[in-house]
Amino acid sequence: MNQIEKQADAVLNTPEYLAGALIIAVGQWNDSGQQDEQLERVATEYLERLQAALRTDRDGAVAYLLGMEVQAA
């Protein structure tokens, strides 16, 4: 892995990036009427990656997302 790939990997695996990507993916899935299985898989993948980045479970990831929302307000 070269330096640029390492840098991109570091950015794309931050909790902030993953949370934003998860929010977008869930929004798209919701806009599809919650019928698009591919969008659901993408959202699930981002949730799992966020959990791994935070070293927490689903509840911890959701608490992180809710904390982000409070900070943005």
Side-chain angles (χ1 to χ4, degrees):
M1 186 179 283
N2 67 37
Q3 187 64 25
I4 293 173
E5 291 172 326
K6 287 179 185 178
Q7 235 175 344
D9 188 57
V11 170
L12 298 177
N13 287 302
T14 62
E16 296 85 4
Y17 174 84
L18 295 169
L22 173 58
I23 290 166
I24 291 169
V26 169
Q28 291 175 330
W29 175 67
N30 195 49
D31 288 347
S32 78
Q34 301 176 353
Q35 298 298 313
D36 190 316
E37 292 179 15
Q38 177 63 26
L39 290 173
E40 184 177 8
R41 279 192 294 275
V42 169
T44 299
E45 180 181 331
Y46 279 121
L47 175 60
E48 290 169 354
R49 289 177 57 195
L50 179 60
Q51 288 173 222
L54 294 171
R55 294 188 170 118
T56 190
D57 59 7
R58 180 178 287 232
D59 291 337
V62 170
Y64 178 82
L65 291 169
L66 293 174
M68 286 183 61
E69 183 177 303
V70 169
Q71 290 177 358

(request) Would you give the length of the straight line joining atom CD of E40 to atom CD of Q34, rounded to the nearest 0.5 angstrom? (result) 8.5 Å

(request) Kindly give the heavy-atom pair with the smallest separation between A61 and T56, and that separation in Å. (result) N-CG2, 3.6 Å

(request) Indicate the atoms forming the closest heavy-atom contact of L39 with Q28, along with that distance. (result) CD1-O, 3.6 Å

(request) Work out which heavy atom in L50 is nearest to a heavy atom in P15; give both atom names and the distance. (result) CD1-O, 3.7 Å

(message) With rounding to the nearest 0.5 angstrom, report the CG to CG distance, N30 to D36.
(response) 12.0 Å

(request) Please answer: with hydrophobic residues joined when any side-chain heavy atoms are less than 4.5 Å apart, are L47 and W29 in the same cluster? (result) no

(request) Give a yes or no answer on whether the side chain of E48 reaches the backbone of E45 with a donor-acceptor pair at less than 3.5 Å. (result) no

(request) Kindly check if the number of other-residue, nucleotide or ligand heavy atoms within 6.0 Å of CZ (R41) is above 12? (result) yes

(request) Locate the shortest heavy-atom distance separating L18 from L12; write the atom from each residue and the value. (result) CD2-O, 3.5 Å

(request) Count the heavy atoms of every other residue, nucleotide or ligand shown that sit under 6.0 Å from CD of E37, and state whether that count exceeds 12. (result) no

